[in-house]
*Asks:* 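Below are the structure tokens for one structure; questions will follow.
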Amino acid sequence: MPDHWSFVAAAYGLTAAVLLIYWRRLATKEREVEASKRLNAERSREPSITGHPRSEPASRTPLQQNQRPGAPLP
Amino acid sequence: MVKTLGWLTAAALAAGLVMAFGVAPREVTQGNVQRIMYVHVPLILASYVAFVVLAVASLVYLVRRDPAADGVAHASGEVGVMFVGLGIATGSIWGKPTWGTWWTWDARLTSVAILFVMYLGYLLLRGTIDDPERAARYCAVLGIVAALDIPLVHFSVYWWRTLHQPPSLMKPGGFTGSSSILWPLLVNLLAFILLYVYFVARRARLLRAQAEAIA
Amino acid sequence: MSVEPVVRIIGVRKVFGLVAVLDSVSLDIRAGEAVALLGANGAGKTTLLKILATLLRPTRGAATIAGHDVARAPEAVRPLLGVVAHGAWVYDDLTARENLRFWATVGGLDAYADDLTVALAGVGLERVADARVRTFSAGMKRRLSLARVMLARPRVLLLDEPFAGLDQRARKWLEGRLEAMKAAGAALLMVTHSFGRELGIADRLAVLAGGRIALDTARGTLGPDDVQRLYAAHAEESA
Amino acid sequence: MSYARRALAVAWKDLAVERRSKETLNALVFFSLLLLFVFQFTLGGDRERLAAVLPGVLWLGFVLSALLALGRTFLVEREHDCWEGLLLAPGDKSAIYLGKLAGNLALMLVVEALVLGLFVVFFDIDLGRALPGLLVVVLLGTLGLAAVGTLFAAMTANVRARELLFPVLLLPVQIPVLLATVKATEALLLGEPLGAVGHWVKLLLAADVVYVVVSLLTFDVVLEA
């Protein structure tokens, strides 16, 4: 009775490979989510996003534009 | 918590390997190729566990609307499909030298293949719905329909003739194999069920983190 | 006028993906009162209407209709609602009368033939009652959906751009119908982004901008020009 | 009684729309004619070989037309946003499911009668004594297909890649029904009595009960806002 060791190796090897790839993928995704969470946390310190984009610097009133830290008010 | 479980799983899998190659005897008629059984059978049985958990979690989700239950169902679907796919592959590798063919449409092979495509469809449905709440609801319905379909699949396919050796573990009249085979099988079964629980815990945690990252 | 408002919206927030369309919206409507909800495109008017209609759940906050929470007890809310949404809810291959009968039956009403005829006459469709809706103009379909709503005599009417696609005569006619519903004690919320005469039936004007009710005031205190100016200012500020 | 009236209203509405537009029916009649050609070309004129595969081919025809017909069930609700109206209809949504199911069943039985007629004429089948038994099997099998098909059609109506996803979800779940109907049809066409395929009939009955009950219980969840 031949042992067919190559078939045994194939079965165990395939299983190990697939399980390992899945495990690695979980770890990668976890790191990605961690990174995006940190980004979100930074963003959430700014005002919350609403249905409209926040105003760009150019659309600020002249008064705001002139305010430099330490500069005297006009 | 999950980390401890991971180490425990790794230890169990290592013990399973030792049992499969060191403790279990060389099978008399098939030779060493029979050692594939110690990975093939646990994979299939663990996938059954996954699909049962998926159905229960689906039901819990529909009653309580708890995203955590949906996460468990989703994770179980993914791991279950992977396990059943590997189970089919290893069975096929085992079948080639012993039966002389990679694949045969016997009852148990066929019903396992049906499970595979059914739950592959489940994952496809998950992937196509953008609204997470709606995806959870629809997949819960599909998970319940699929689970109730399993006995129907089993009976309809069973009424075909079969080439496959009779179920090795849970056969009417109890287990007939020697305990030298039983223990390695049980250890591996435990290891793969631990692996399933570990993967599901980790995947469900990841799903929750992903949902939080979006909200 | 009863003291307790029929429609209560308290701090409703709705997030789609990363964007909060509604930030914190609060609004009350009493029985027999009509509120016009104004705002630029994308300000979240239709979203708010859909939340009240139990079609969307708020991310945070709550809305109640006659004391029932729209998210937790939608089944208690739905029989009280009349909704005229963007779509007319009509089947092109059924006649006007058949459409009306279908929605009445599915809504659990007893649709007597006489009632259907009266409702169709009420929206001026009696002569085409047995013609297929496929041949109708957009305005006629809209009138048919108004007939559906009026047949049910809802306590709360939610109207999305009810005057869109109607000609001058139909607008005048619709104003009359809505006044009658108001007089019968219904609460009205109508979404619009135009400043036509339809604001005439509104008791209050609410402007939605930046995810909040930027202005909520009795119509009498403002002329149409004031409204236009205010709205333009808000639109600019948030644009 | 309002429950039954609501279900009937939905069934009547679907059939009235279909009777007037004939959109689905016309396409299905043409499709079954094409199937006839395809089967003839691929299987060849060999009478013996044809007889052996006939039950499978017949059910293949039924299933393919069912996939086309059932997948379209909720398309009519998308014009003018009628879907929204159904969502907001107060009361038990399973009445809507029952109405849809009844309409689908009627449509599919018409198409199946046509396909069967075409097979009898062009492939020269002698139905003879098999007909009553065959009717039972076709009725039970069609109910199973339509029960899950209607539920899944509602689930895939508003989903990307609807045309692909619907068969991909439906076919694996329906394998028990397919096996049972094909095997039973095979035996019946060989002249065996209905009693000889009792186990298949029982399986079909069980499947129908399971599918219809689960769909009734879960349809509320599918048609939720």
Side-chain angles (χ1 to χ4, degrees), chain C residues 46 49-58 68 70-71 73-95 97-111 131-134 136 138 140-142 144-145 148-149 152 154 156 158 160, chain D residues 1-27 72-103 107 154 157-158 219-225:
Chain C
T46 299
L49 204 73
K50 282 190 168 175
I51 287 174
L52 285 179
T54 73
L55 282 168
L56 288 175
R57 287 158 206 268
H68 304 291
V70 293
E75 279 303 319
V77 171
R78 284 170 189 165
L80 310 173
L81 292 181
V83 179
V84 176
H86 264 297
W89 302 4
V90 292
Y91 298 99
D92 279 338
D93 285 303
L94 298 185
T95 68
R97 193 192 302 278
E98 287 165 345
N99 265 301
L100 213 53
R101 193 191 305 128
F102 172 74
W103 286 112
T105 314
V106 167
L109 297 176
D110 289 315
R132 287 197 205 173
V133 170
R134 191 178 290 284
F136 283 20
M140 286 161 89
K141 286 178 186 168
R142 189 133 277 245
L144 184 53
S145 40
R148 159 177 57 77
V149 167
V156 175
L158 304 173
D160 201 346
Chain D
M1 242 27 258
S2 147
Y3 186 90
R5 278 185 36 215
R6 291 168 61 218
L8 271 177
V10 173
W12 177 87
K13 182 266 293 175
D14 277 354
L15 290 176
V17 167
E18 184 52 46
R19 198 178 63 236
R20 286 172 202 177
S21 70
K22 296 204 184 57
E23 244 174 46
T24 311
L25 196 63
N26 279 346
R72 296 178 53 87
T73 307
F74 285 87
L75 282 200
V76 66
E77 311 298 346
R78 301 212 311 181
E79 60 180 68
H80 305 300
D81 288 345
C82 288
W83 177 270
E84 239 174 42
L86 292 182
L87 285 182
L88 292 189
D92 199 339
K93 299 287 188 296
S94 60
I96 294 172
Y97 169 80
L98 268 189
K100 284 273 171 197
L101 175 60
L107 181 65
N158 296 308
F219 199 69
D220 255 340
V221 175
V222 174
L223 219 58
E224 198 175 90

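Per chain, numbering begins at 1; letters A, B, ... match sequence-line order.
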*Asks:* Any side-chain heavy-atom pair from C:H86 and D:E84 closer than 4.5 angstrom?
*Replies:* no
*Asks:* For the NZ atom on C:K50, are there more than 12 heavy atoms of other groups (residues, nucleotides or ligands in this structure) within a distance under 6.0 Å?
*Replies:* no
*Asks:* When only pairs under 4.5 Å are counted, which of C:R101, C:K141, C:R132 shares the most heavy-atom pairs with chain D?
*Replies:* C:R132
*Asks:* Under 4.5 Å heavy-atom distance to chain D, tell me which part of C:D110 shows up: side chain, backbone, both or neither.
*Replies:* both
*Asks:* Using modelled atom types and a 3.5 Å cut-off, is there a donor and acceptor pairing between side-chain atoms of D:R20 and backbone atoms of C:D92?
*Replies:* no
*Asks:* Can you say whether C:L81 sits under 4.5 Å from chain D via the side chain, the backbone, both, or neither, judging by heavy atoms?
*Replies:* neither
*Asks:* Could you pull out the closest heavy-atom pair between D:P90 and C:G107, with the gap in Å?
*Replies:* CG-O, 3.7 Å
*Asks:* So which of D:V17, D:D81, D:L87, D:L88 has the biggest tally of heavy-atom pairs under 4.5 Å with chain C?
*Replies:* D:L88
*Asks:* Please state whether the side chain, the backbone, both or neither of D:E224 comes within less than 4.5 Å of a heavy atom of chain C.
*Replies:* side chain
*Asks:* Measuring from atom OG1 of C:T105 to atom NZ of D:K13, what distance do you get when rounded to the nearest 0.5 angstrom?
*Replies:* 12.0 Å
*Asks:* Name the member of C:A85, C:S145, C:P79 that forms the most heavy-atom pairs with chain D at distances under 4.5 Å.
*Replies:* C:P79
*Asks:* With a 4.5 angstrom heavy-atom cut-off, could you sort out which part of C:V77 is near chain D: side chain, backbone, both or neither?
*Replies:* neither
*Asks:* Is the shortest heavy-atom distance from the side chain of C:F102 to the side chain of D:V10 under 4.5 Å?
*Replies:* yes
*Asks:* Under 4.5 Å heavy-atom distance to chain D, tell me which part of C:R148 shows up: side chain, backbone, both or neither.
*Replies:* neither
*Asks:* Would you mind reporting whether D:R19 and C:D93 have side-chain heavy atoms less than 4.5 Å apart?
*Replies:* no
*Asks:* D:S21, D:G99, D:A89: which one forms the most heavy-atom pairs within less than 4.5 Å of chain C?
*Replies:* D:S21
*Asks:* When rounded to the nearest 0.5 angstrom, what distance separates CD in C:E75 from NZ in D:K93?
*Replies:* 4.5 Å
*Asks:* Answer with side chain, backbone, both or neither: which region of D:L8 has an atom nearer than 4.5 Å to a non-hydrogen atom of chain C?
*Replies:* neither
*Asks:* For D:W12, is it the side chain, the backbone, both or neither that has a heavy atom under 4.5 Å from a heavy atom of chain C?
*Replies:* side chain
*Asks:* When you compare the side chain of C:Y91 with that of D:E77, does any pair of heavy atoms fall below 4.5 Å?
*Replies:* yes
*Asks:* So which part of C:A53 gets closer than 4.5 Å to some heavy atom of chain D, the side chain, the backbone, both or neither?
*Replies:* both
